[in-house]
Number of protein chains: 2
Amino acid sequence: MGTASELIMYDYPTLLREHHLKATPQRTAILQVMAHEGHISIEMIYEKIKGLFPSLSLATIYKNMIAMQEQGIVKELKIAGFKNRYEIQKQPHHHMVCQKCGSIVDVEFDVAQALEGVSKSHGFELKQIDLSISGICDKCR
Amino acid sequence: MGTASELIMYDYPTLLREHHLKATPQRTAILQVMAHEGHISIEMIYEKIKGLFPSLSLATIYKNMIAMQEQGIVKELKIAGFKNRYEIQKQPHHHMVCQKCGSIVDVEFDVAQALEGVSKSHGFELKQIDLSISGICDKCR
DNA sequence: TTAGTCAAGGAGAAAAATTATCCTTTACTT
DNA sequence: AAGTAAAGGATAATTTTTCTCCTTGACTAA
């Protein structure tokens with residue numbers, strides 16, 4: 001945090017418009033909560049912002065998550081043993097999940113090169129890598 | 001296929017009993033369908049075997065998947081863009097998913113060693129690795 | 001083999017998660 | 001400032017998953 005290139009990511013209205021989505025207060029709030037909470041579920045988002053928008057509909061969140069996924073702004077995380085969670089797209093990274101407390105930590109680890117070889121040998125055009133490792137985190141031991 | 005050690009895996013009644021689960025015809029059929037179809041969803045299983053058991057309940061399949069997961073016989077696959085699928089537990093492996101036709105191919109690729117280092121540096125006790133790569137398969141190009 | 005027991009199956013309701021419909025509101029364009 | 005298309009809200013409808021309760025049946029041990 002602190003450099004211009006990082007700060008610009010917090011201008012969510014602009015980010016939305018750049019992706020041909022209207023910058024509504026609801027959308028901006030969703031992104032702010034996601035930025036603050038990290039890996040978050042639909043109804044956690046709902047709980048966090050329904051105070052700001054008393055008439056907020058759950059459907060609004062679902063619809064926005066779909067729209068923002070299509071635009072590559074957010075990403076759905078399907079992790080064994082947990083309900084789906086969402087995060088804002090950022091640098092490629094993977095996840096480290098504690099099976100006890102459910103905490104999710106980002107880890108940067110480059111598997112791309114090795115997997116290029118694997119996929120190439122299958123005539124497979126590699127688009128995306130989803131990797132999560134599960135275990136027991138430092139705190140829970 | 002062909003060796004004794006592989007064939008023994010097809011004795012599902014014994015496999016179930018070894019895991020303290022009763023070997024019912026429904027369970028055996030579920031495992032047979034899974035073995036035949038590979039990566040399969042709950043309702044695909046239901047469609048495949050409801051002919052054999054006219055009174056089959058969807059709840060039976062759900063309950064059995066949970067029980068068999070707890071015993072480590074089957075594994076749930078949560079893959080971005082797809083409904084949950086299930087596979088019979090076998091040698092550690094990962095998945096290669098075509099974003100177009102949805103086909104899933106097993107790939108053997110050892111990421112464990114490298115990830116040991118990553119997790120160790122976070123004081124994390126590594127239990128499980130879930131990796132899937134997505135892209136366009138050979139056929140779909 | 002047979003009776004007893006506990007797990008498993010079936011039916012259906014209920015709950016949870018997701019999507020669709022339809023109308024109103026509003027962000028953006030010009 | 002007005003028009004338009006997109007987004008939000010309310011609500012119903014689907015879909016997915018879980019639960020309850022009762023019946024059936026697989027396994028155990030005599």
Side-chain angles (χ1 to χ4, degrees), chain A residues 11-33 39-71 73-86, chain B residues 11-33 39-71 73-86:
Chain A
D11 181 2
Y12 294 123
T14 298
L15 178 67
L16 286 164
R17 289 187 196 105
E18 283 171 356
H19 288 85
H20 315 296
L21 295 173
K22 291 185 179 174
T24 67
Q26 291 87 342
R27 258 176 205 158
T28 306
I30 289 171
L31 288 172
Q32 282 169 348
V33 171
H39 316 88
I40 189 171
S41 68
I42 293 284
E43 99 267 31
M44 279 161 74
I45 294 171
Y46 182 68
E47 293 304 319
K48 289 278 178 188
I49 63 177
K50 75 177 176 189
L52 299 174
F53 307 94
S55 66
L56 180 70
S57 171
L58 247 187
T60 293
I61 301 180
Y62 277 105
K63 284 187 282 193
N64 277 321
M65 290 317 242
I66 291 169
M68 294 193 290
Q69 275 183 81
E70 284 172 354
Q71 294 305 318
I73 297 176
V74 305
K75 192 170 188 310
E76 187 180 45
L77 305 182
K78 306 185 73 164
I79 296 173
F82 296 90
K83 300 213 172 291
N84 289 349
R85 299 195 181 197
Y86 299 83
Chain B
D11 181 3
Y12 294 121
T14 298
L15 178 67
L16 287 165
R17 289 187 197 107
E18 283 172 357
H19 288 83
H20 315 295
L21 294 174
K22 290 184 179 176
T24 67
Q26 290 90 338
R27 257 175 205 158
T28 305
I30 289 172
L31 288 172
Q32 283 170 347
V33 170
H39 316 87
I40 189 170
S41 68
I42 293 283
E43 100 267 30
M44 280 160 73
I45 294 172
Y46 182 68
E47 292 304 319
K48 289 280 179 188
I49 63 177
K50 75 178 176 188
L52 300 173
F53 307 94
S55 66
L56 180 70
S57 171
L58 248 186
T60 294
I61 301 180
Y62 277 103
K63 285 187 282 192
N64 277 320
M65 290 317 243
I66 292 169
M68 293 193 292
Q69 276 183 79
E70 286 172 353
Q71 295 304 319
I73 296 176
V74 305
K75 191 170 189 309
E76 186 180 45
L77 305 181
K78 305 185 75 163
I79 296 173
F82 294 90
K83 298 210 174 295
N84 290 348
R85 298 194 182 197
Y86 299 83

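Letters A, B, ... mirror the listed sequences (proteins, then strands); counts begin at 1. Quick caveat: nothing in here was measured; it's all calculated off a predicted structure.
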> Tell me, for nucleotides 21-26 of chain D in 5' to 3' order, what letter each nucleotide earns: B for a base near a protein heavy atom under 4.0 Å, S for only sugar-phosphate near one, - for neither?
Replying inline: ----BB
>> At 10 degrees resolution, what angle do the end axes of the helix from dT1(C)-dA30(D) to dT30(C)-dA1(D) form when each is taken over five base pairs?
In response: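 About 50° separates the two local helix axes.
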First locate atom [atom1] of [X], then atom [atom2] of [Y], and finally report the distance between them rounded to the nearest 0.5 Å.
X      : Y      : atom1 : atom2 : result
M68(B) : K63(B) : CE    : NZ    : 13.0 Å
I73(A) : I30(A) : CD1   : CD1   : 11.0 Å
I79(A) : H39(A) : CD1   : NE2   : 7.0 Å

Between [N] atom [atom2] and [X] atom [atom1], what is the distance in whole Å?
X      : N       : atom1 : atom2 : answer
Y46(B) : dT15(D) : OH    : C1'   : 14 Å
R27(A) : dT26(C) : CZ    : C1'   : 12 Å
L52(A) : dG8(D)  : CG    : C1'   : 15 Å
N64(A) : dA6(D)  : CG    : C1'   : 11 Å
L21(B) : dC6(C)  : CG    : C1'   : 14 Å
E70(B) : dA8(C)  : CD    : P     : 11 Å
K50(A) : dG8(D)  : NZ    : C1'   : 17 Å
H19(B) : dA8(C)  : NE2   : C1'   : 18 Å

>> If the cut-off is 4.0 Å, is Q26(A) near the phosphate of dG9(D), judged by side-chain N/O to OP1 or OP2?
In response: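 Yes, because at least one side-chain N or O of Q26(A) sits under 4.0 Å from OP1 or OP2 of dG9(D).
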> Quick one: is S57(B) getting a side-chain N or O under 4.0 Å of the dA11(C) phosphate, OP1 or OP2?
Replying inline: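 Negative; the distance criterion is not met.
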Name the pairs: protein N/O against N/O of nucleotides 15-19 of chain C, kept only if under 3.5 Å.
unit_1: dA17(C); atom_1: OP1; unit_2: K83(A); atom_2: NZ; d: 3.0
unit_1: dT18(C); atom_1: OP2; unit_2: Y62(A); atom_2: OH; d: 2.6

Residue list, side-chain hydrogen bond (donor to acceptor under 3.5 Å, both in side chains) with [X], at least two apart or on another chain:
X      : result
K78(B) : none
R85(A) : none
E43(A) : S41(A)

Ignoring hydrogens and angles, write down the donor-acceptor pairs under 3.5 Å from the side chains of residues 44-58 of chain B, residues two or more places apart or on other chains.
unit_1: E47(B); atom_1: OE1; unit_2: K50(B); atom_2: NZ; d: 3.4
unit_1: S57(B); atom_1: OG; unit_2: A59(B); atom_2: N; d: 3.2

> Who are the side chain to side chain contact (heavy atoms under 4.5 Å, CB included) partners of Y86(B), not counting sequence neighbours?
Replying inline: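 Side chain to side chain contact (heavy atoms under 4.5 Å, CB included) check on Y86(B) returns M34(B), I42(B), M65(B), Q69(B), E76(B), N84(B).
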> Are any non-hydrogen side-chain atoms of Q32(A) and T28(A) less than 4.5 angstrom apart?
Replying inline: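 Yes - at least one pair of side-chain heavy atoms lies under 4.5 Å apart.
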For residues 13-23 of chain A, which side-chain N or O atoms pair as donor and acceptor with protein atoms under 3.5 Å away, sequence neighbours left out?
unit_1: T14(A); atom_1: OG1; unit_2: D11(A); atom_2: OD1; d: 3.3
unit_1: T14(A); atom_1: OG1; unit_2: D11(A); atom_2: OD2; d: 2.6
unit_1: H19(A); atom_1: ND1; unit_2: L15(A); atom_2: O; d: 2.9

